[in-house]
Trainee: 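Okay, handing you the structure first.
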Amino acid sequence: MERRTPGPGEGESPARLGHLRGHDEIVVVEGELSERRFLAVYRTGDRLAGALAVGMPPKAMRPWRQAIATGTSWHEAIRAWAWATDADAKEAVHGEPSF
């Protein structure tokens with residue numbers, strides 16, 4: 001009998017935060033759906049409502065957990081994510097600190 005090794009995201013329980021039903025928009029902010037390794041955030045009205053991580057390390061959810069708990073607006077959350085992503089990219093290319 002052949003045993004198959006699970007692929008990325010298989011055999012792992014997704015990590016969920018906040019309210020994932022009744023949302024207005026979903027944005028994948030990290031990873032790829034096709035690879036079954038991603039982090040998606042959910043918007044309801046003008047608020048960040050939830051986050052779903054599949055095949056991602058637990059630390060990927062940390063900034064989103066706090067943003068959901070504090071009722072961060074959708075635009076603030078996405079702006080912070082874009083800034084952090086841009087800062088990480090700059091650090092990787094230019095060696096600049098990401099803080």
Side-chain angles (χ1 to χ4, degrees):
M1 179 175 183
E2 183 180 341
R3 291 195 127 177
R4 186 167 105 44
T5 303
E10 293 181 322
E12 300 175 16
S13 296
R16 298 177 183 100
L17 292 173
H19 302 284
L20 305 186
R21 294 184 184 204
H23 57 274
D24 297 318
E25 183 177 4
I26 304 170
V27 174
V28 174
V29 294
E30 193 173 334
E32 293 290 331
L33 292 174
S34 62
E35 295 175 8
R36 294 185 216 163
R37 186 175 190 279
F38 63 91
L39 188 139
V41 293
Y42 292 67
R43 175 182 68 81
T44 301
D46 67 345
R47 295 283 162 210
L48 175 64
L52 172 69
V54 175
M56 300 294 290
K59 69 180 184 176
M61 292 288 266
R62 287 182 190 147
W64 301 102
R65 178 177 289 119
Q66 183 172 357
I68 292 164
T70 59
T72 301
S73 78
W74 176 255
H75 293 291
E76 283 180 54
I78 294 300
R79 188 178 313 123
W81 164 73
W83 181 85
T85 302
D86 185 49
D88 289 344
K90 286 180 183 175
E91 181 178 4
V93 173
H94 302 291
E96 298 175 11
S98 60
F99 55 89

Trainee: At their closest point, which heavy atom of Ala77 faces which heavy atom of Leu48, and how far apart are they?
Mentor: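 That would be CB-CD2, 3.9 Å.
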Trainee: Any chance you could measure Leu52, atom CG, to His23, atom NE2, to the nearest 0.5 Å?
Mentor: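 Answer rounded to 0.5 Å: 10.5 Å.
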Trainee: Output the distance between atom OH (Tyr42) and atom CD1 (Ile26), rounded to the nearest 0.5 Å.
Mentor: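 Result: 4.5 Å between the selected atoms.
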Trainee: Determine all donor-acceptor pairs shorter than 3.5 Å in which one atom belongs to a side chain in residues 53-73; sequence neighbours excluded.
Mentor:
residue	atom	partner	partner atom	Å
Thr70	OG1	Gln66	O	3.0
Thr70	OG1	Ala67	O	3.3
Thr70	OG1	Thr72	OG1	3.1
Thr72	OG1	Ala67	O	3.1
Ser73	OG	Glu76	N	3.1
Ser73	OG	Glu76	OE2	3.4

Trainee: Which atom names give the shortest non-hydrogen contact between Ala49 and Thr44, and what distance separates them?
Mentor: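 The answer is CB-OG1, 3.3 Å.
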Trainee: Going from CZ on Phe38 to CD on Glu30, what distance comes out if it is rounded to the nearest 0.5 angstrom?
Mentor: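 Result: 12.0 Å between the selected atoms.
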